[in-house]
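Notes follow the structure.
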Amino acid sequence: MFVIHGIERVNKGTNYSRRLRKIDNKIPCIIYGSKKPIMYVELDHDVVFNMQKDSKFYNSNIILKINKSEYIVTIKEIQRHCFKLKLLHIDFLYIK
């Protein structure tokens, strides 16, 4: 299992997401599903980018550690930049 540390986002929107990507080198993400509340998080781009090079990353469960809580999730969708090697957004689904 992969373990990723992140921070819950308070601000949402296009401008905030662009600032995260450009200045802070973070990826805006969302976690949803299984009748739990939607959670907006930000993850470190370089950590996730290096993990996603492993093919097991897409098929296995991932532990997200956010604000001293652990969430077991799986990847629903990843958005990538069209010609740069950069991740733009990740959608996660709750498992537990």
Side-chain angles (χ1 to χ4, degrees):
M1 253 193 206
F2 295 92
V3 178
I4 305 172
H5 296 273
I7 302 169
E8 187 171 1
R9 288 192 290 154
V10 179
N11 297 329
K12 297 176 270 195
T14 306
N15 288 335
Y16 185 73
S17 295
R18 285 180 183 159
R19 187 183 74 73
L20 277 177
R21 291 184 199 108
K22 191 171 185 177
I23 297 172
D24 298 338
N25 198 29
K26 304 268 185 190
I27 305 170
C29 304
I30 187 170
I31 309 171
Y32 57 88
S34 80
K35 299 182 182 178
K36 293 184 181 179
I38 295 173
M39 181 181 287
Y40 299 94
V41 296
E42 57 187 62
L43 304 176
D44 186 37
H45 179 272
D46 296 337
V47 172
V48 178
F49 188 78
N50 288 331
M51 284 184 185
Q52 64 96 30
K53 291 178 183 177
D54 187 0
S55 62
K56 296 176 188 173
F57 180 76
Y58 299 100
N59 299 326
S60 66
N61 293 340
I62 299 168
I63 297 175
L64 288 180
K65 291 189 176 185
I66 299 164
N67 300 341
K68 300 180 183 176
S69 299
E70 290 187 359
Y71 302 97
I72 299 175
V73 298
T74 186
I75 294 175
K76 173 71 174 171
E77 183 179 356
I78 295 181
Q79 295 176 4
R80 302 169 190 278
H81 194 278
C82 58
F83 59 87
K84 294 180 183 177
L85 291 174
K86 197 143 177 94
L87 303 175
L88 297 179
H89 190 271
I90 302 177
D91 289 356
F92 292 105
L93 286 175
Y94 285 111
I95 298 295
K96 288 186 181 179

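Treat the numbers as computed from the prediction; the structure is a model and nothing was measured.
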Hey, could you give me the OH/CD1 distance between Tyr58 and Ile78, rounded to the nearest 0.5 Å?
4.5 Å
Could you grab the distance from atom CD1 of Ile66 to atom CE of Met39, nearest 0.5 Å is fine?
5.5 Å
For Asp46, give me all partners under side chain to side chain donor-acceptor pair (under 3.5 Å), at least two apart in sequence or on another chain.
Asn25
How would you list, by chain and number, every residue that makes a salt bridge (Lys or Arg N to Asp or Glu O under 4.0 Å) with Arg18, sequence neighbours excluded?
none
Could you check whether any side-chain heavy atom of Ile30 comes within less than 4.5 Å of a side-chain heavy atom of Ile38, counting everything from C-beta outward?
yes
Hey, is CD1 on Ile23 packed in by over 12 heavy atoms from elsewhere, all under 6.0 Å?
yes
Just jot down the salt bridge (Lys or Arg N to Asp or Glu O under 4.0 Å) partners of Asp24, sequence neighbours excluded, or say none.
Arg19
Closest heavy-atom pair, Ser17 versus Arg9, reported as atoms and distance to 0.1 Å, is OG-NH1, 3.6 Å
Can you confirm whether Ile7 sits close enough to Val41 that some side-chain heavy atom of one is under 4.5 Å from a side-chain heavy atom of the other?
no
Pairwise ring-ring contact (aromatic ring centres under 6.0 Å, His included) hits with a residue in residues 24-57, at least two apart:
Phe2-Phe57, His45-Phe49
4.5 Å side-chain heavy-atom contact, Ile90 and Ile27
yes
State, to 0.1 Å, how close Ser34 and Tyr94 come at their nearest heavy-atom pair, and which atoms those are.
OG-CB, 3.6 Å
Are any of the side-chain heavy atoms of Val73 and Leu93 separated by less than 4.5 Å?
no
Let's go through Arg21 and Leu88 carefully: what are the C-alpha distance in whole Å and the side-chain angles of both, what is the deciding distance for side chain to side chain contact (heavy atoms under 4.5 Å, CB included) to 0.1 Å, and is it a yes or a no?
CA-CA 7 Å; Arg21 291 184 199 108; Leu88 297 179; 3.9 Å; yes
Tell me whether Met51 shares a hydrophobic cluster with Ile31, the cluster being built from Ile, Leu, Val, Met, Phe, Trp, Tyr side chains joined at under 4.5 Å.
yes
Salt bridge (Lys or Arg N to Asp or Glu O under 4.0 Å): which pairs involve residues 34-44, sequence neighbours left out?
none
Please step through side chain to side chain contact (heavy atoms under 4.5 Å, CB included) for the pair Ile4 and Ile63, ending with a clear verdict.
CA-CA 6 Å; Ile4 305 172; Ile63 297 175; over 6 Å; no
Within the structure provided, determine whether Ile62 and Met1 are in side-chain contact (heavy-atom separation under 4.5 Å).
no
Might you work through the side chain to side chain contact (heavy atoms under 4.5 Å, CB included) test for Gln52 and Arg80, ending with a clear yes or no?
CA-CA 12 Å; Gln52 64 96 30; Arg80 302 169 190 278; 3.2 Å; yes
Minimum heavy-atom separation for Leu20 to Pro28, with atom names?
CD1-CB, 4.2 Å
So do Leu64 and Leu43 actually touch side chain to side chain, heavy atoms under 4.5 Å?
yes
With sequence neighbours left out, the residues meeting side chain to side chain donor-acceptor pair (under 3.5 Å) with His89 are Asp91
So do the side chains of Ile75 and Phe92 get within less than 4.5 Å of each other, counting heavy atoms only?
yes
Excluding sequence neighbours, so at least two apart, what forms side chain to side chain donor-acceptor pair (under 3.5 Å) with Glu8?
Asn67
Does any pair with a residue in residues 67-78 pass salt bridge (Lys or Arg N to Asp or Glu O under 4.0 Å), and if so which ones, sequence neighbours excluded?
Lys65-Glu70
